[in-house]
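Inspection log for the structure reproduced underneath, given as structure tokens.
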Amino acid sequence: MTASRRQRPGGNGTGSREPGTGQSESGTDAARTVADIGEFALIARVNAGRTQAAGVLLGPGDDAAIVAAPDGRFMVTTDMLVQDRHFRLDWSGPHDIGRKAIAQNAADVVGMGATPSAFVVSLGCPADTRVDFVSDLADGMWAEIERSGGSIAGGDMVRSPLLVISVTAFGDPRGRSPILRSTARPGDVVAVAGRLGWSAAGLAVLSSGADPTRFADVVAAHRVPRPPYQAVLDLPTDAPITALTDVSDGLLADLGHIAESSGVAIDLDSATLRDPVLDPVATALDADPLDWILAGGEDHAFAATFTDTVDIPAGWVVIGRVVSGAGVTVDGASRSGPSGWESFASGG
């Protein structure tokens with residue numbers, strides 16, 4: 001992060017706390033706030049000892065970063081996380097929040113078939129935010145970058161009444177054509193890589209007030225998504241993939257984008273979507289696990305269409321088929337209820 005010159009949980013966020021307030025275990029220096037040390041000392045602290053990726057020709061320290069575009073192009077995407085909207089501080093620590101911020105942006109780049117090469121991060125936080133909170137946040141970002149690739153090339157820090165994180169991600173297509181949403185064709189099969197419904201199940205556990213240690217795996221999945229980047233990045237150049245997206249808003253919603261953009265319909269086989277890990281969670285919360293799988297989102301799995309089942313790469317599971325028509329159905333029928341996240345929906 002550098003300076004420029006100038007949960008999804010719903011509800012009102014009751015129970016959340018200020019970032020990094022309370023007694024630090026890291027000593028007097030770490031217990032100081034960002035107001036105590038100032039913007040530029042904070043920037044120096046979070047950038048100290050970091051190694052820039054090969055795609056970052058000039059990192060933090062100047063008016064702008066320089067990011068390479070080896071074949072004359074790069075993919076770019078941006079996303080934001082807002083306290084009490086996309087995360088709660090009584091549910092997630094700064095390291096987890098940092099990882100999540102990078103993961104959701106890296107997954108968008110990989111969802112186009114590109115390799116993450118650089119990130120630009122802007123942070124807004126209250127003046128009484130502890131320095132060690134921001135350090136842990138940055139450490140979490142760099143931890144996820146170890147999985148995705150790239151590095152933090154720059155950004156900005158500002159005072160804000162609550163914690164806001166904005167990330168812009170750049171990706172190198174490595175000479176390949178981008179894999180779009182608009183190129184699925186009738187006769188293709190639909191496949192996914194990664195887990196579905198875990199983040200939504202974890203959110204349900206936290207929202208219910210149940211003991212989070214009872215279902216630690218899904219709670220951890222909500223706090224930190226684990227996009228299977230390599231399932232896409234390791235695809236051979238001749239892989240029979242026709243369309244691709246990351247599953248951020250919900251499987252129905254994101255496949256709906258492919259269906260609409262491609263002018264096709266998609267029918268899913270519910271039997272292929274069932275996950276035994278979710279069954280005991282659903283039983284305890286009196287929920288239908290298929291709702292989490294179809295509409296939960298935030299796992300940042302990848303959904304793709306392929307030309308046939310014979311050559312489906314390892315790590316991908318066939319869950320349906322592309323057909324003529326419009327929309328997304330499950331077992332041949334439309335499914336009632338929510339299809340996924342929508343930022344401006346009244347309950348979202």
Side-chain angles (χ1 to χ4, degrees), residues 1 7-26 30 33-34 46 79-107 119 121-126 128-148 152 157 160-167 194-195 197-227 247-249 281 285 292 296-301 341 343 348:
M1 304 176 194
Q7 219 100 73
R8 171 175 326 183
N12 59 12
T14 55
S16 293
R17 58 180 182 265
E18 292 302 310
T21 56
Q23 183 62 40
S24 169
E25 296 179 0
S26 304
T33 69
V34 299
V46 299
D79 212 342
M80 297 179 67
L81 287 88
V82 178
Q83 179 183 339
D84 294 330
R85 177 67 171 170
H86 302 102
F87 61 87
R88 279 176 45 165
L89 296 174
D90 55 340
W91 288 354
S92 299
H95 195 275
D96 290 345
I97 297 167
R99 287 193 60 182
K100 185 174 185 178
I102 293 297
Q104 66 184 38
N105 283 273
F119 300 87
V121 179
S122 293
L123 172 68
C125 63
D128 61 355
T129 301
R130 271 203 332 245
V131 171
D132 65 339
F133 182 95
V134 179
S135 293
D136 287 347
L137 185 73
D139 286 346
M141 292 179 180
W142 283 91
E144 187 62 26
I145 284 170
E146 289 184 7
R147 295 189 67 242
S148 70
I152 298 176
M157 290 184 178
S160 170
L162 74 171
L163 195 64
V164 180
I165 305 163
S166 178
V167 178
R195 13 185 230 204
W198 285 42
S199 178
L203 174 59
V205 171
L206 291 167
S207 300
S208 72
D211 179 5
T213 62
R214 183 180 174 191
F215 303 110
D217 288 346
V218 295
V219 170
H222 175 69
R223 290 172 172 152
V224 180
R226 292 187 63 85
V247 182
S248 55
D249 295 328
V281 189
L285 300 182
W292 296 332
E298 281 204 319
D299 287 297
H300 296 287
W341 172 260
S343 289

Using a 4.5 Å cut-off on heavy atoms from C-beta on, say whether the side chain of S148 contacts that of F119.
yes

Looking only at non-hydrogen atoms, find the nearest pair between R223 and S92 and report the distance.
CG-OG, 3.6 Å

State the CG-CD distance between L81 and Q83, to the nearest 0.5 angstrom.
11.0 Å

To check you understand the geometry: which heavy-atom pair defines the closest contact between A200 and G296, and what is its length?
CB-CA, 3.5 Å

Minimum heavy-atom distance between M141 and G98, given as atom pair plus value
CG-O, 3.4 Å

From CG (D139) to CG (D132), nearest 0.5 Å:
10.5 Å

I165 vs L137 side-chain heavy atoms within contact, under 4.5 Å
yes

Is there a donor-acceptor pair under 3.5 Å between the side chain of R226 and the backbone N or O of A221?
no

Taking the side chain as every heavy atom from C-beta outward, state whether F133 and L89 have any atom pair closer than 4.5 Å.
yes

Looking only at heavy atoms, what is the nearest atom pair of W91 and L206, with distance?
CZ2-O, 3.6 Å

In Å, rounded to the nearest 0.5 Å, how long is the span from OG of S166 to CG of N105?
7.5 Å

I'd like to know if the side chain of D96 and the backbone of V224 have a donor-acceptor N/O pair within less than 3.5 Å.
no

Nearest non-hydrogen partners of V34 and P126, listed with the distance
CG2-O, 3.6 Å

Nearest 0.5 Å, what's the CD-NZ distance between E144 and K100?
12.0 Å

Can you find a heavy atom in the side chain of D211 that is under 4.5 Å from one in the side chain of V205?
no

For residues V167 and D79, determine if any side-chain heavy atom of one lies less than 4.5 Å from a side-chain heavy atom of the other.
no

Look at the side chain of D299 and the backbone N and O of G197, then say whether any donor-acceptor pair between them is shorter than 3.5 Å.
yes

Looking at CZ of R88 and CG of L203, how far apart are the two atoms once the value is rounded to the nearest 0.5 Å?
9.5 Å

Between the side chain of R147 and the main-chain N/O of P227, is any donor-acceptor distance below 3.5 Å?
yes

Which atom names give the shortest non-hydrogen contact between P212 and V219, and what distance separates them?
O-CG2, 3.8 Å

Quick one: does V218's side chain get under 4.5 Å of W292's, heavy atoms only?
no

Which value, rounded to the nearest 0.5 Å, describes the distance between D84 atom CG and L163 atom CG?
9.5 Å

